[in-house]
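Working notes, beginning with the structure itself.
For this chain, numbers begin at 1 and follow the sequence in order.
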Amino acid sequence: MKKEKSFNRILKAVSVLIVLMCAVMMFAACDYEAAYDNDAKIINSSGNIRTASVKTDILGVYKETTKKFSGVDTLKELNLSENPTIDFDLTINSGKFKIVLVKGETVTLLTEESVTGGKQIELEAGRYKLKIVGVEANFVLTLRY
């Protein structure tokens, strides 16, 4: 009888924990949706959730394949000199996804749609943060800098 009561207490505690974790994840997803179109949150945020993600960064080529991404993430901090360019390919399979550059308090949208065959962006020299922003996005990104 005592073992059964102990087991029931543990079961209730685990159930409550699972419900709380689900509630936290739901609120986090709402926050990711709110950050998508909010430059202030993009500048100051770096929280994200990724599932089934593979990333490589070798010799100036960054590649990432992710099944599900929500949030804001800084991929690179770039200190670009004279006549800098960024070249990328992007496939967005589902969800909302965009690539932005942050310089100080300015957010510049690079793309919110798939890009094949490479897209080259010319920039002014300076320090940038290259960020991705998404809501339940499934994507493949290749970035050359």
Side-chain angles (χ1 to χ4, degrees), residues 6-145:
S6 281
F7 178 75
N8 285 339
R9 284 184 186 166
I10 291 171
L11 189 59
K12 284 181 184 178
V14 168
S15 297
V16 168
L17 221 102
I18 290 171
V19 168
L20 287 173
M21 286 175 48
C22 289
V24 167
M25 289 176 69
M26 284 175 44
F27 286 122
C30 292
D31 191 44
Y32 295 141
E33 182 75 40
Y36 190 83
D37 292 315
N38 185 320
D39 285 354
K41 287 188 179 193
I42 291 171
I43 291 167
N44 297 311
S45 293
S46 64
N48 63 78
I49 296 173
R50 275 187 175 89
T51 56
S53 181
V54 177
K55 298 189 268 185
T56 60
D57 191 357
I58 302 171
L59 300 173
V61 179
Y62 176 89
K63 293 183 180 182
E64 180 172 350
T65 301
T66 298
K67 293 290 182 191
K68 192 172 184 182
F69 169 80
S70 291
V72 178
D73 189 25
T74 302
L75 295 184
K76 293 300 243 173
E77 291 194 22
L78 304 169
N79 190 6
L80 302 175
S81 57
E82 193 174 303
N83 299 324
T85 60
I86 295 176
D87 181 30
F88 61 91
D89 293 298
L90 172 65
T91 303
I92 304 169
N93 298 310
S94 63
K96 292 170 64 175
F97 185 82
K98 64 183 174 181
I99 303 171
V100 299
L101 276 177
V102 177
K103 184 176 183 184
E105 297 297 313
T106 304
V107 176
T108 303
L109 175 67
L110 297 184
T111 190
E112 272 187 292
E113 53 193 38
S114 292
V115 174
T116 54
K119 180 175 183 177
Q120 192 170 37
I121 306 289
E122 293 185 24
L123 304 166
E124 294 179 10
R127 296 183 65 95
Y128 295 88
K129 289 183 181 179
L130 181 67
K131 294 190 173 197
I132 57 173
V133 184
V135 179
E136 298 196 12
N138 176 313
F139 68 94
V140 178
L141 171 65
T142 301
L143 174 70
R144 292 164 290 282
Y145 52 92

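- Residue T142 is tested with V61, T65, T91 for a side chain to side chain contact (heavy atoms under 4.5 Å, CB included); the sole match is V61.
- Summarising the geometry, atom CG belonging to L143 is positioned 5.5 Å from atom CG belonging to L130; distances are rounded to the nearest 0.5 Å.
- In terms of heavy-atom proximity, I43 sits nearest to V107 at CG1-CG2, 3.5 Å.
- The nearest pair of heavy atoms linking V133 to F69 is C-CE2, 3.9 Å.
- In terms of heavy atoms, F139 sits closest to E64 at CZ-OE2, 3.5 Å.
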For this session: Using the side-chain contact (heavy atoms from CB on, under 4.5 Å) rule, take L90 and L110 through it: C-alpha gap first, then chi angles, then the decisive distance, then the call.
Result: CA-CA 11 Å; L90 172 65; L110 297 184; over 6 Å; no
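- Listed for the K55 side chain is no donor-acceptor partner under 3.5 Å among the backbone atoms of Y62.
- Across all non-hydrogen atoms, the minimal contact from S70 to E136 is OG-N, 2.7 Å.
- Remark: side-chain polar atoms of N38 are paired, donor with acceptor, to backbone N or O of A40 under 3.5 angstrom.
- A distance of 5.5 Å separates CD of Q120 from CG of D87, quoted to the nearest 0.5 Å.
- Shown here are the side-chain contact (heavy atoms from CB on, under 4.5 Å) partners of D37, two or more places apart in sequence or in another chain: K96, K98.
- For E124, the CD atom is loosely surrounded, since the number of other residues' heavy atoms within 6.0 Å does not exceed 12.
- Note that the CG atom of L78 and the CD1 atom of I86 stand 5.5 Å from one another [nearest 0.5 Å].
- Residue pairs meeting the side-chain hydrogen bond (donor to acceptor under 3.5 Å, both in side chains) criterion with at least one partner in residues 104-114, sequence neighbours excluded, are Y36-E112.
- In this structure, the separation between OG1 on T66 and CD1 on I132 is 6.5 Å, given to the nearest 0.5 Å.
- Counting heavy-atom neighbours within 6.0 Å of K103 NZ, excluding the residue itself, gives a total above 12.
- Here K76 pairs with D57 under the salt bridge (charged side-chain N to carboxylate O under 4.0 Å, His left out) rule; sequence neighbours left out.
- Using modelled atom types, one side-chain atom of K131 and one backbone atom of I42 make a donor-acceptor pair closer than 3.5 Å.
- Surrounding NZ of K63 are at most 12 heavy atoms belonging to other residues, nucleotides or ligands under 6.0 Å away.
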